[in-house]
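Beneath this line is the structure, given in structure tokens, with notes to follow.
Naming convention: chains lettered A, B, ... in sequence-line order (proteins, then strands); numbering from 1 in each chain.
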2 protein chains.
Amino acid sequence: MARTTDTDLAPHELRILVAVADAGGFSAGAVTLGLTQSAVSRSVRGSERKIGAVLFERGRNGARPTAAGEQAVAHARRVLRLLDVLVAEARGSVRSDAAREPEGPLRIAAFRSSALHLLPAVLQRLRERHPGIEPQVRIVRELGRGTAGEVADGRADLAIATLDGARLPAGLVVHGLFEESYSLVYPAGHPAPRALPLVDWAENCGSYTRAWWGAQDWIPGATIEAEDDGAVLTLVGGGHGMAIMPALSLVGAPDSVEITDLGPKRPTRRVGYVTTPELAGSAVVRALVRELRATSSAV
Amino acid sequence: MARTTDTDLAPHELRILVAVADAGGFSAGAVTLGLTQSAVSRSVRGSERKIGAVLFERGRNGARPTAAGEQAVAHARRVLRLLDVLVAEARGSVRSDAAREPEGPLRIAAFRSSALHLLPAVLQRLRERHPGIEPQVRIVRELGRGTAGEVADGRADLAIATLDGARLPAGLVVHGLFEESYSLVYPAGHPAPRALPLVDWAENCGSYTRAWWGAQDWIPGATIEAEDDGAVLTLVGGGHGMAIMPALSLVGAPDSVEITDLGPKRPTRRVGYVTTPELAGSAVVRALVRELRATSSAV
DNA sequence: CCCGATCCATGAGCCGTACTCATACCCCGA
DNA sequence: TCGGGGTATGAGTACGGCTCATGGATCGGG
């Protein structure tokens, strides 16, 4: 005798859950999937009945996941990804059992400076060795849950992240790659850089420089807030201030800025990668990690 | 415009793949699912078309998975399990946001001595703390791919395994729990135990004792092959031989045997657990691992 | 050698379900 | 009170998956 209620969620139902969560509403989710709002509404109700819990709180403007909904959506992303891997690997294993080339899309979330100054070399090596892999880099600001959050939510397969203890990506795989130092940057030839206003940007307000500043006997007179590290560098180059910036942001800095070491007690930050446990073993992620490590150890 | 070919496998299709692989044929798989052979045939063809690879070799009596089929079936089991976990955890998170009780089945593959002498204490603690979890222990001989193979193939959620480097469970999560020593066991009061025949059992032919034997200046005169470590202990207790056995197999050994340490260069083996990346983060597996570690560190 | 047994494949038809369209509902702000 | 975001729901349609029945291959035994 078959179970009276079919309890498992079909892939398209999972996709709908994810789309609704991402889009923030049934109607919006419907358009991203090319479906009708009606279909989405029915599907979500069906999923909720199967699970036995309300997954979305319907409100005036859109729908927001409940606690159970958050759970379900996060899991749904993983199931969908695992299904992709299933198909890709089974498809791949048709050619040769042992030495099979990793191939397929690889979604990378990276913070700005890593995407500009670390990833290009990595991806070039990756492309040379595994032309079948199609990396997709998305620049994500290292704010809030940061790049690791993209992985946690299933929107990326691997994140290049700064590893401060604050962000705790429970249940994710985290590995350090290298530690980089912060340096003082100021307009080339400026006689008294410390008198200049400090140029900072949102992502840099982390725990790294706080402690260092606390130990200094001088504080900057004024502070300028810039959009990102690139803008900071431009401002400093234009003579509008000085900044404390990590090495990655200073790769390829123009001649108009001068960089000086901050001495043995300078602030540092660790850069590493974050991925999900189930992807850590997949061929594509393994290939990328190998190149990441190789490139990073050369830095 | 929708994708012209629907590429994802529905749960029932995955279940059919698993059933066919388990039953060894389309017809046999059909009866285990309560379906028609016709339905199974169509479904498998559909899955093969979606994946783009032949998954089963149809033969005279039954069907056997191809290389791609093995891959697909192992993945299918894992996807199905992950779907179960999705539903269970989302259902569980309906009661309270923070303190949510893990619940649901938890399939454990363990080798004999660990199931007899390690797991009972672990499962008792687990039951006390998480009464909603339903552990199912299956004893698997540590031969071939061993208990870890059960996890790799999706037939168990967690394996208690001996961690010799030989078995390489690529893509799985492996953690050590403790290291245990081998001891010499012989009939109590026997004057010359080394003159007795060596009693051994199939699973013990691992790499652990090999090296040690090579360094010894004596070799046993005869060897008796027993079914498992329990039988070995009985034979030794009956005065029919002596044996080299790991500590777990010697828990609760009868008074009729005497155990002596083999000195500082005695052989040892590592015992640990193996699980899949996607389950490593699930509440049920996490709960079990916690008790495993707690119990093991007390050993 | 043919016969039956035992597999899988395939054609025809039924039925559930997942979609669309259209409409109803609900709540808020102007 | 009405309009404009949202979601829910009724009616009708299309497709996919199921069963039944049959066909085709392959082997072992009288």
Among dG10(D), dG11(C), dC19(C), the one nearest any side-chain atom of Arg42(B) is dG11(C)

Comparing Gln37(A) and Gln37(B) on DNA chain D - which has the more 5′ nearest nucleotide:
Gln37(A)

As a test of reading the structure: which of dT20(C), dT19(D), dC8(C) is closest to the side chain of Leu35(B), going by heavy atoms?
dT19(D)

Start at the 5' end of DNA chain D and walk down; is the nucleotide closest to Ala10(B) or to Gly24(A) reached first?
Gly24(A)

Indicate whether the side chain of Thr162(B) and that of Glu142(B) have a donor and an acceptor atom separated by less than 3.5 Å.
yes

Closer than 4.0 angstrom, basic N to acidic O: yes or no for Glu150(B) and Arg145(B)?
no

When you measure from the side chain of Ser41(A), which nucleotide among dA8(D), dC18(D), dC20(D) comes out closest?
dA8(D)

Arg49(B) has an atom CZ; how far is it from atom C1' of dG16(D), in whole Å?
11 Å

Starting from P on dC8(C), measure out to CD on Glu57(B) and report it in whole angstrom.
13 Å

By the 4.0 Å heavy-atom rule, please label Gly62(B) as base, sugar-phosphate, or nothing.
sugar-phosphate

Among the nucleotides dC20(D), dA8(D), dA9(C), which one has an atom lying closest to any side-chain atom of Arg45(B)?
dA9(C)

Do any side-chain nitrogens or oxygens of Arg58(B) fall under 4.0 Å of OP1 or OP2 in dC7(C)?
no

With rounding to the nearest 0.5 angstrom, report the CH2 to CD1 distance, Trp201(B) to Ile224(B).
14.0 Å

Leu17(B) atom CG is separated from dG17(D) atom P, nearest whole Å, by 13 Å

Regarding Ser27(B), tell me which of base, sugar-phosphate or nothing describes its non-hydrogen contacts under 4.0 Å with the strands shown.
sugar-phosphate

note: Leu33(B), atom CG; dT19(D), atom P; distance rounded to Å ~ 10 Å

Point-to-point distance, once rounded to the nearest 0.5 Å, from CG of Leu106(A) to CD1 of Ile108(A):
4.5 Å

Within this structure, what is the NZ-to-P distance between Lys50(A) and dT17(C), rounded to whole angstrom?
9 Å

Mind calculating the distance between NE2 (His12(A)) and P (dC15(D)) to the nearest angstrom?
16 Å

Which nucleotide in dT19(D), dG17(D), dG10(D) has an atom nearest any side-chain atom of Ser38(A):
dG10(D)

With a 4.0 Å cut-off on heavy atoms, is Gly46(B) in touch with a base, just the backbone sugar-phosphate, or nothing at all?
nothing

Just the rounded figure in Å: distance from C1' of dG17(D) to CD1 of Ile16(B).
9 Å

Whole-Å distance, Arg64(A) CZ to dG5(D) P, equals 21 Å

Sub-3.5 Å donor-acceptor pair from the side chain of Thr66(B) to the main-chain atoms of Leu55(B), do we have one?
yes

